[in-house]
Amino acid sequence: MLQFLLSMAELPEKFTKPYDSTSVEDSIYSLWEKSGYFNPDTCASDGVCEPDADPFSIVLPPPNVTGTLHTGHSLMLAIQDTMVRFNRMQGKKTLWLPGTDHAAISTENVIVKQLTKEKTSKFKIGRKAFMERVNAFAQESHDTIVSQTKKMGASLDWSREAFTLDEPRQRAVYTAFEQMYNDGLIYRGDRIVNWDPKGQTTVSDDEVNHEERDAKMYTFKYSADFPFAIATTRPETKLGDTAVAVNPNDERYKQYIGQEFSFNFAGADVTVTVIGDEHVDAEFGTGALGVTPAHSQTDWDIAQRHSLPSKQVINEYAKMMVGMDGVVGEKTENARTAVVAWLESEGLMEKIEDIKQNISLSERTKAIIEPLPKTQWWIDVNKPIEAREGKTLKELMLDAVRSGDVGILPDRFEKTYFNWIENLRDWNISRQIWYGHRVPVWYHDTCQKIEEVENNKIKSFSLEPIVGLFPPKGDKEDQFGCPHCQATDLPLEHFSQDEDTLDTWFSSGLWTFSTLGWPDETDDLKTFHPTSVLETGHDIIFFWVARMILMSTYLLGEVPFKTVYMHGMVLDKNGKKMSKSNPETAIDPLESIEKFGTDALRMAMLVGVGPGQNVALGDDKIKAYRKFSNKIWNATRFVIENAGDIDLNTKPEIKPEHQEFINQWETLIAEITGEMNEYKFYLVAEKLYHFFWHTFADIIIEECKKDLNDSSQYTLSYLLVQQIKSLHPFMPFITEEIWQSLPDNLKAGERDILMVANWPKS
RNA sequence: GCGCGUUUAGCUCAGUUGGUAGAGCAGCUCGUUUACACCGAGAAGGUCGGGAGUUCAAGUCUCUCAACGCGCACCA
């Protein structure tokens, strides 16, 4: 009885109440942060890991600075933090590097919308004022995101935090651009681009989504004199036709190939040449295709093959540039109605059919994409690169995965990856927006002969522009030299920088090494690159994963990461995508943390969720792991109370039935250590949960409490401490809180912060 | 159109190289308040999407069909 009272006195007061996550999480996080152990350098200098220990590094996929954290972010943070904590406890030199993404179009769009509401626009307030607005918003979002990230318990090294648009990253972007330009991989060219009339910018092929809609197929003749009919879904574009393509073997039209026809079409003078092209399907429509090079990718390709002229009839606002009254100046949809009415009144229309058609939408603005010819900056993915054994960017990207240097989990995504690369076309990297890295190209107006200027923008020039970090310096600080005419000391006004900004994924592609100090050869770069794992959502495999492999293999000659671990989407409890339209099932991570604790949320997202798998998340599931937190809490209470005096450094004689329990655990820890290294967290979390509850609590504690002696007490304390350690990567807060309350004799010489204790050895 | 994936208990999912089906949650019955009601014990619940094949043996391998989901491409 005396013994009992003494033990009771040692039990911290807090264990007499259920576990209260809200009262401990913030202080635990600041304990970690103050320790400095998020930073691998501190770990090395304090002996947490050997200075030359194997590195383990992850760069955090930078959240967009467009708002707040959602469940997708929580999932990514939970998985990565688990990996990071596990590796840190294994004594690796562990770096998890945080940052945020400026997310060019998305962020710019937020402000553009605000301005529209305020009845003004970015053009009215000007580039400078606009940028100030965007930067203020980005800063605000950044701060919110950082504080929410800390709530998840993420053990990120904040001292190395990066932003895709900060100064060091700009240097990386400009250096990369310059090198690609000098290698002939970046070029300026006229092409059909995906034009977003709402965002007033181009977007890349990957930023275009397709949606099936009802449409009509119109079959008609251009004019009464024209010998046959064509079919199209967009009659208004026919004002820009320059040819009619037929299959060269099509008996119906063979005789017309090579003939030229001129006529007036809905108020526009049109001249078309009939050409034969193998790509035309004789079975489709009438077998004759009106070729509109300026407003269709396929037609542009045909025009290239046959050297046809191109005639733009739709402008950047998706309005008609030519045509009769009711057509010219109208939006394309209105113009279509007018052209159809005209065709009918002229008796040219032969047939109107209802069809399903996939239309192209801009991912960010949801505007219908208007294909337009534009001068843009491109990355050539098919040009052999001397410095890389004559391989093309496409080949570099394929080889990285094919060789196994990069492994993708789950492996089925490797097929998706190959499929995408094989169909890859040149990458359009310039955007006509303001928020982002300005294209690092300067045009020198005193030396260069500018041939064409339109809207104050240089359209063409006779000498190469100056590409690179900054305009070449002259003798004085604010004066610059021109490499072409050798003039020096020219004031900055003589140079004008390209107006466009770069696709946000250009800077994201550099992320694994721009964050480590590239282009300088820093220690970080040598130690932590290639990074160990990239953990991200499978929806950005092309946008990001592929671009990182492109940039890293080209610029550094090594892969950016060895393993890609893709997580799925977080769905609501009904298996539906969480969205603002049904808020009743959507989970707000901050709310869940408040209600059930971060550890419970993390477990709910980890248990049973393999790579690539979607997580159906409802309150019930999170609640179940709050119960688990409490179970751990109470079992700890029992062990401290009844076996807390045991010194774990001196192992007493263990009875066979207790040794059997220890053996069971040691078998388990060997098994799960292996599984952790194979990224099977979903299995490990479940096994730990199960062992703790249904073996340790239900059986072992029940057995041991019958007879508390050295053997049973040692067994209890030993198994508790082992499990607290192995649960730490999954449930960092409660395990650390327990560790902080554990008597020293149970810590067995380990450090006083669990985060840097040793992972149990089997 | 091409490709990928999923289909196992009411729900969410495990099931490793083929050897008589498992867990969590929910529900049901009973119990317990000196670690824990954010608890314990117990029972119930499945012709493993359909069909065919290989095999002594198939949830697992092969083929085929179907439903659902996802990705890519797209024809004017």
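We name chains A, B, ... by the order of the sequence lines, and we start the count at 1 in each one.
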Undergrad: Mind checking the C1' distance from B:A43 to B:C38? Whole angstroms is fine.
TA: 24 Å
Undergrad: Evaluate the side chain to side chain contact (heavy atoms under 4.5 Å, CB included) criterion for residues A:Y218 and A:E353: first the C-alpha distance (whole Å), next the side-chain angles of each, then the deciding distance (0.1 Å), finally the verdict.
TA: CA-CA 7 Å; A:Y218 304 94; A:E353 298 157 278; over 6 Å; no
Undergrad: For A:V615 and for A:D205, locate the closest nucleotide of RNA chain B by heavy-atom distance; then report the residue assigned to the nucleotide nearer the 5' terminus.
TA: A:V615
Undergrad: Answer yes or no: is there a donor N or O on one side and an acceptor on the other, between the side chain of A:N642 and the main chain of A:L708, under 3.5 Å?
TA: no
Undergrad: Is the shortest side-chain N/O distance from A:W693 to OP1 or OP2 of B:C36 below 4.0 Å?
TA: no
Undergrad: Can you work out whether A:R626 or A:I701 has the more 5'-proximal nearest nucleotide on RNA chain B?
TA: A:I701
Undergrad: Which class fits the ring pair A:H694 and A:H690: parallel under 30°, tilted 30 to 60°, perpendicular over 60°?
TA: tilted
Undergrad: Only counting residues at least two apart or in another chain, list the ones meeting side-chain hydrogen bond (donor to acceptor under 3.5 Å, both in side chains) with A:Q722.
TA: A:W665
Undergrad: Of the nucleotides B:A76, B:G71, B:A35, which has the atom closest to the A:K705 side chain?
TA: B:A35
Undergrad: Kindly point out which of B:G40, B:G24, B:A35 is positioned nearest to the side chain of A:N634?
TA: B:A35
Undergrad: In whole Å, measure the gap between the C1' atoms of B:U16 and B:C11 for me.
TA: 26 Å
Undergrad: Please give the stem ranges for RNA chain B, sorted by first residue number, where a stem is three or more consecutive Watson-Crick or G-U pairs and both donor-acceptor distances are under 3.5 Å.
TA: B:1-7 with B:66-72, B:10-13 with B:22-25, B:28-31 with B:39-42, B:49-53 with B:61-65
Undergrad: For the residue pair A:N428 / A:D503, report whether a side-chain donor-acceptor contact shorter than 3.5 Å exists.
TA: no
Undergrad: In whole angstrom, give the distance that lies between atom CG of A:N419 and atom C1' of B:G71.
TA: 9 Å
Undergrad: So for A:Q613 and B:A14, does any side-chain atom that can act as donor or acceptor lie under 3.5 Å from a complementary atom in the base?
TA: no
Undergrad: May I have the distance from A:D620 (atom CG) to B:C11 (atom C1'), rounded to whole angstrom?
TA: 10 Å
